[in-house]
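Reviewing the structure listed below.
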Amino acid sequence: MSESAKPDYAIDRIVHEPARLMVMAHLYVVESADYVFLMQNSGLTWGNLSSHLSKLEDAGYVEILKEFIHKKPHTMVQLTQSGREAFDAYRRQMKSLFEDLPEA
Amino acid sequence: MSSRLALREIEKKMWLRTFEHGMWDIGIGSMFLVFGLAILVDFPALSAIWIAALIPSFREIGHKLILPRIGHVPFREPRKRAKGRLTGVLAATTVIGMGAFLFMFWLSKGTTPSCALWAGEHVVLFIGLIWGGALAITGWLVTLPRLNAYGCAGVRIIGHHRPRARPPLGLLARPCWRSDSVDRDRSALAISSALPQARRVVATGDTR
């Protein structure tokens, strides 16, 4: 997109991607969740989820905590404060975008 | 992936998913079974023991088997409170179940006041009400309507049971509290087992 055609609003592309949006929505309503629970609830595969979570972690939206429970690795994922703010901002943006949409 | 993205629905779906492992249904089904069995074998303490034993083992099974399979998810404050209340209800049920069992044990041990005997007569009803009440509260706390249905079914079964004139203390009962039919059956059993020995004594004259 050329600089002149750029809209005056900016959608956060990290949040906007459907799979990441689903993962963030799941993490938004809880304190944290482990990989198994997220995988089952989002319908993503292990690798897919891992790559999306890496992107979210790079953006600083999620925190990934690795620990051992009964000598077994256990990974917990939780939204950071900036992740919550980004999700809230995205929600407001989408709401305002569709709110004044005339009926077809 | 779900076609509809509504945060409230996602949260509810996640919450309900933590209870959709079938353990509740297995536990409640086994309670129905044990309750029926307790009435059948005239040993109501069995259901109290089962309630007291099942709840702690339920937690252990949940941590060892269920959690690694469905995943672990700490919820936010309102759900946390609901879970805390649920634990309280389960703990209270365990304590009351144990109390009912100890009460029956005390009844079987010696002379007891008439009010205690009255309670002993209706002990099956009490255990059933504890059970039905606990299920109803649990169903309300975790918003699982099927638990309420199980509770109603339990109360219906208990409503079917008629308390008898004597306390149904079963195997814990003193001989004077056993029903006449049980005593008759035991006497018949004793006679039939002693009969061959009596015949041998008559035939051989050997009294050893």
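Throughout, a chain's letter reflects where its sequence line sits, starting with A, and its residues are numbered from 1. Not measured: the values here are computed from a predicted model.
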Do A:D34 side-chain atoms and B:H72 backbone N/O form a donor-acceptor pair below 3.5 Å? yes

Have a look at A:V29 and tell me which of B:M14, B:R79, B:R76 forms a side chain to side chain contact (heavy atoms under 4.5 Å, CB included) with it. B:M14

Region of B:R69 that comes under 4.5 Å of a non-hydrogen atom in chain A: backbone

Examine distances only and state if a side-chain atom of B:R17 and a backbone atom of A:Q40 form a donor-acceptor pair shorter than 3.5 Å. yes

Rounding to 0.5 Å, atoms CG (B:L7) and NE2 (A:H26) come to a distance of 10.0 Å

Is the CH2 atom of B:W50 crowded by more than 12 outside heavy atoms at less than 6.0 Å? no

If I compare all heavy atoms of B:P74 with all of A:S32, which pair ends up nearest, and what's the gap? CD-O, 3.0 Å

Exercise: identify the closest heavy-atom pair between A:A33 and B:V73: CB-CG2, 3.9 Å

Among residues 48-64 of chain A, those lying within the under-4.5 Å heavy-atom range of chain B are none

Check each atom of A:M76 against the heavy atoms of chain B and say whether the ones under 4.5 Å are side chain, backbone, both or neither. side chain

Describe, in one word, how the ring planes of B:F75 and A:F37 are oriented to each other, choosing from parallel (under 30°), tilted (30 to 60°) and perpendicular (over 60°). perpendicular

Which atoms form the tightest heavy-atom contact between B:I10 and A:A25, and what is the distance? CD1-CB, 3.8 Å

